[in-house]
Amino acid sequence: TIDSHDTHDPFTDSERTLPEHVDPVDEITDPEPNPVATRKNSQKLLSEWDIPFEQLEILDLIGTGRFGAVHKGKWHGDVAIKMMDIDTDDEKQLQAFKREVSFFRMTRHDFVVLFMGACMRPPHLAIVTSLCKGQTLYTHIHLRKDRFNINRTIQIATQITQGMGYLHHRGIVHKDLKSKNIFIENGKVVITDFALFSIGRLSKKKARKDSLVIPDGWLCYLAPELMTSLKINTDGNQDMELPFSEKSDVHSFGTIWYELLAGEWPFHKEPVETVIWQVGKGLKQPLNHLQASRDVKEILMMCWSYSPESRPMFQHIKKTILRLPKKKGLHRSPSHPLHLSRSAEP
Ligand code: ADP
Ligand code: MG
């Protein structure tokens with residue numbers, strides 16, 4: 001059977017439904033309720049981030065995620081092009097996409113992927129960012145089985161808390177913080193794919209009434225309050241908004257901290273139903289097998305607190321991580337004469 005969406009051409013359809021004088025890009029409402037005068041200005045600003053699809057040179061497919069295909073491409077240099085597989089027939093979804101884009105343009109941080117613009121005219125909706133070199137933290141930990149020493153772990157985690165603290169300061173909840181969305185580029189953290197989750201949920205291909213699509217390795221990042229809403233959603237009401245918050249991002253960070261320490265996901269090998277049930281009830285991945293100090297484990301427990309209010313802000317997590325004792329002289333053998341290494345320093 002053919003899905004009803006596919007029986008008409010979305011291109012001609014969207015052309016038809018929009019009056020000729022309305023420019024879809026200029027029609028965006030700003031996320032912040034601004035006075036009329038500044039609103040006009042911000043609409044203009046958003047259209048400056050509109051990239052005509054024809055200007056993109058689309059190269060190899062990098063991979064396919066929840067939202068659609070990600071391609072390597074060229075637009076004034078190397079870029080990543082994230083094709084957004086959303087229902088462009090629906091004006092509400094289109095507005096949601098543009099609303100998120102209006103937030104992306106305000107992000108500029110050393111540890112956050114560079115947003116370059118977006119294709120905002122149906123049927124081609126795409127997000128253009130800088131192309132991340134290097135591997136994701138997921139590839140390092142789970143595929144290559146790389147283990148980072150405590151100093152490097154502290155460095156990576158600190159950079160994540162800095163990038164995340166910045167996004168929260170900007171009013172952006174990531175909603176999909178996971179090791180697959182963190183690149184290590186020239187030794188530096190790059191956080192990608194923030195705030196896309198709610199758009200992805202609207203994808204026309206994935207929206208099935210009676211089932212919930214749970215991507216591999218996703219559940220263990222979800223905070224208990226999201227888990228319990230998920231349960232309600234599987235019972236039928238899939239359109240219900242999940243209660244994402246800054247504090248649910250903190251829970252996801254806890255899982256990344258665990259991955260860095262343990263080299264695996266929490267609850268790995270446990271069936272989906274068991275994880276949903278356990279986390280929803282407030283049960284946590286046991287930490288007794290983990291070879292780490294009490295301070296290190298306490299960070300986990302803070303981030304995984306059952307109640308969102310008890311979880312710390314990223315600024316606080318950063319400070320706590322930076323107070324952890326570092327291993328000294330990791331690059332120096334014990335027999336290495338101290339005066340030599342001193343003389344090498346400025
Ligand atoms: P996921 O994050 O679940 O892996 P995505 O749709 O985000 O799914 O990514 C699909 C593929 O594209 C992944 O291999 C991901 O590493 C890669 N990718 C995503 N964004 C970028 C980027 N900015 N630069 C380079 N590769 C990227
Ligand atoms: Mg991603």
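Atoms within each ligand, like the ligands themselves, are counted from 1 in listed order.
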*Asks:* Among the N/O/S atoms of Asp193, select the one at the shortest distance from the Mg ion (ligand 2) and name it.
*Replies:* OD2
*Asks:* I'd like to know if the side chain of His174 reaches the main chain of Leu167, judged simply by a donor and an acceptor atom lying under 3.5 Å from each other, with no hydrogens or angles considered.
*Replies:* no
*Asks:* Does ligand 1 have any atom that is closer than 4.0 Å to a heavy atom of Ala69?
*Replies:* no
*Asks:* Side chains of Gln162 and Phe314: does their closest heavy-atom pair fall under 4.5 Å?
*Replies:* no
*Asks:* Heavy-atom contacts with Thr129 under 4.0 Å: which atoms of ligand 1 show up? List them by number with element.
*Replies:* 23 (N)
*Asks:* Does atom NZ of Lys284 have more than 12 heavy-atom neighbours, drawn from other residues, nucleotides or ligands, at distances under 6.0 Å?
*Replies:* yes
*Asks:* For atom 22 (C) of ligand 1, find the nearest protein heavy atom and state the residue, atom name and distance (0.1 Å precision).
*Replies:* Ala80 CB, 3.5 Å
*Asks:* Using a 4.0 Å heavy-atom threshold (strictly under), name the region of Lys82 that reaches ligand 1: side chain, backbone, both or neither.
*Replies:* side chain
*Asks:* Can an N or O of Ser130 be found at a distance shorter than 3.5 Å from an N or O of ligand 1?
*Replies:* yes
*Asks:* Could you tell me if the side chain of Trp304 sits less than 4.5 Å from the side chain of Phe253, heavy atoms only?
*Replies:* no
*Asks:* I need the nearest protein heavy-atom contact for atom 24 (N) of ligand 1: residue, atom name and distance, please.
*Replies:* Cys132 N, 2.9 Å
*Asks:* Using modelled atom types and a 3.5 Å cut-off, is there a donor and acceptor pairing between side-chain atoms of Ser310 and backbone atoms of Tyr306?
*Replies:* no
*Asks:* Checking a contact table here: which protein heavy atom is nearest atom 6 (O) of ligand 1, and how many Å away?
*Replies:* Gly65 CA, 3.1 Å
*Asks:* If I take every N, O or S atom of Asp176, is at least one of them less than 2.8 Å from the Mg ion (ligand 2)?
*Replies:* no
*Asks:* In the protein, which heavy atom is nearest to atom 16 (O) of ligand 1, and how far is it?
*Replies:* Phe183 CZ, 3.4 Å
*Asks:* Which bit of Asp176 gets closer than 4.0 Å to ligand 1, counting heavy atoms only: side chain, backbone, both or neither?
*Replies:* neither
*Asks:* Without swapping roles, check the side chain of Trp49 against the backbone of Phe104 for a donor-acceptor pair under 3.5 Å.
*Replies:* no
*Asks:* If the cut-off is 4.0 Å to any non-hydrogen atom of Asp193, which atoms of ligand 1 fall inside it?
*Replies:* 2 (O), 7 (O)
*Asks:* For ligand 1, which atoms, with element, lie under 4.0 Å from some heavy atom of Thr136?
*Replies:* 16 (O)
*Asks:* Can you report which non-hydrogen protein atom sits closest to atom 1 (P) of ligand 1, along with the distance?
*Replies:* Lys178 NZ, 3.9 Å
*Asks:* From atom 13 (C) of ligand 1, is the closest protein heavy-atom distance below 4.0 Å?
*Replies:* no
*Asks:* Is the shortest side-chain N to carboxylate O distance from Glu298 to Arg323 below 4.0 Å?
*Replies:* no
*Asks:* Which is it for Asp193 and Lys82 under the salt bridge (Lys or Arg N to Asp or Glu O under 4.0 Å) test, yes or no, and what are the steps along the way?
*Replies:* CA-CA 10 Å; Asp193 289 345; Lys82 188 152 248 176; 2.6 Å; yes
*Asks:* Please list, in number order, the atoms of ligand 1 under 4.0 Å from a heavy atom of Leu131.
*Replies:* 24 (N), 25 (C)
*Asks:* Are Val70 and Thr64 close enough that some pair of their side-chain heavy atoms sits under 4.5 Å apart?
*Replies:* no
*Asks:* Starting from atom 9 (O) of ligand 1, locate the nearest protein heavy atom and write down its residue, its atom name and how far away it is, to 0.1 Å.
*Replies:* Val70 CG2, 3.8 Å
*Asks:* Quick test: of every protein heavy atom, which one is nearest to atom 4 (O) of ligand 1, and how far off is it to 0.1 Å?
*Replies:* Lys180 CD, 3.8 Å
*Asks:* For the Mg ion (ligand 2), decide whether Asn181 has an N, O or S atom at a distance under 2.8 Å.
*Replies:* yes
*Asks:* For atom 17 (C) of ligand 1, find the nearest protein heavy atom and state the residue, atom name and distance (0.1 Å precision).
*Replies:* Ile62 CG2, 3.8 Å
*Asks:* Is there a donor-acceptor pair closer than 3.5 Å between any side-chain N or O of Thr274 and the backbone N or O of Glu270?
*Replies:* no
*Asks:* For Leu56, does its backbone N or O pair with a side-chain atom of Lys74 as donor and acceptor, under 3.5 Å?
*Replies:* no
*Asks:* Counting distance only, does the side-chain N/O of Asp295 pair as donor-acceptor with the main-chain N or O of Leu324 below 3.5 Å?
*Replies:* no
